[in-house]
Amino acid sequence: MASINGLAENLSAAWNAPDVTMRARQQLLRTLIADIIVDVDDAVRDVVLTIHWRGGQHSELRVRKLKAGEHGCATAEDALEVMRSMAGRWSDEHIAATLNRMGLPTGQGKTWTAHRVYSVRRVRGIDAYRSAVKDGEWLTMEEAAKALGTTSHTIRRLINAGLLQTVQAVPRAPHQIRAADLTSEPIMAAMARKGRPCRVVDADTLPMFTDT
């Protein structure tokens, strides 16, 4: 006990010394602390720890109370921002794939899956995916291809040719296409050329593909 009391005189050095065992640290705490009272402040969702030190002093420590389903390994804010940006337009599978491409791990350092994205969204109150097919405003490349009766490869050629504009919720996220753009004159003309889109041409330039 005398050695423990000696360590208590220089708490920082005693606690951080490389040769101090966990058992010694526990003995040190028992020497310094009389008791700890735990309470919950429901108004701000804090766990309140009141530490009574030997000698009559006391300290208060507040720790945020976790919500149901939440764990101590918090998801990085960058990953949460990606979810908020994509959740209304993309499925959990797409969000997970984007987070993995961006190199943003879960709070536990794991790769993302659709289930893990769902769990974080539920805890954080992030709205779920609303299908672009249902509201008809935004389409994935696959959905756009289906709407035009063509392939995703052709849709990508239209995009690369500058005929079809896309947006991305965040860098490396999948492309989204406005459904109304599929009926524009350049797209209709490109699709009429036997499904072989080409670059935009002016009136004095012969088209790359003819209808004959």
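Owing to the predicted nature of the structure, the values given are computational and were not obtained by experimental measurement.
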Where His94 and Pro174 come nearest, the two heavy atoms and their spacing | CD2-CG, 3.7 Å

Over all heavy atoms of both residues, which pair between Ser152 and Ala145 is shortest? Give the atoms and the distance, please.
-> N-CB, 3.7 Å

Quick one: do Glu143 and Lys146 make a salt bridge, cutoff under 4.0 Å?
-> no

Spacing of [X] atom [atom1] and [Y] atom [atom2] [to the nearest 0.5 Å]:
X	Y	atom1	atom2	answer
Arg157	Asn160	CZ	CG	9.5 Å
Thr151	Glu142	OG1	CD	11.0 Å
His153	Arg156	NE2	CZ	9.5 Å
Leu158	Leu148	CG	CG	7.5 Å
Leu99	Arg101	CG	CZ	9.5 Å
Met86	Asp92	CE	CG	10.0 Å

Check: [Y] main-chain N/O paired with [X] side-chain donor or acceptor under 3.5 Å:
X	Y	value
Arg54	Leu32	no
Thr154	Thr150	no
Arg116	Thr111	yes

Would you indicate whether the side-chain heavy atoms of [Y] and [X] approach each other to under 4.5 Å?
X	Y	answer
Thr50	Ile36	no
Trp90	Thr98	no
Gln165	Arg178	no
Gln176	Leu139	no
Val82	Met102	yes
Leu164	Leu182	yes

Heavy-atom neighbours of [X] [atom1] exceed 12 at 6.0 Å:
X	atom1	result
Glu60	CD	yes
Gln26	CD	yes
Arg84	CZ	yes

Would Ile33 and His52 count as a side chain to side chain contact (heavy atoms under 4.5 Å, CB included) if you check the C-alpha gap in whole Å, the side-chain angles of each, and the deciding distance to 0.1 Å?
-> CA-CA 6 Å; Ile33 297 175; His52 291 178; 6.0 Å; no

[X]-[Y] co-clustered via ILVMFWY side chain contacts under 4.5 Å:
X	Y	value
Val48	Leu61	no
Met191	Leu163	yes
Met141	Ile187	yes
Ile155	Met188	yes

Side-chain H-bond candidate by donor/acceptor type, Trp112 with Thr106, under 3.5 Å | no

Could you verify whether a donor N or O on one side chain and an acceptor N or O on the other, from Glu93 and Ser91, lie under 3.5 Å apart?
-> yes

Side chain to side chain contact (heavy atoms under 4.5 Å, CB included) between Leu49 and Arg62, intermediate numbers included = CA-CA 6 Å; Leu49 306 175; Arg62 286 178 173 262; over 6 Å; no

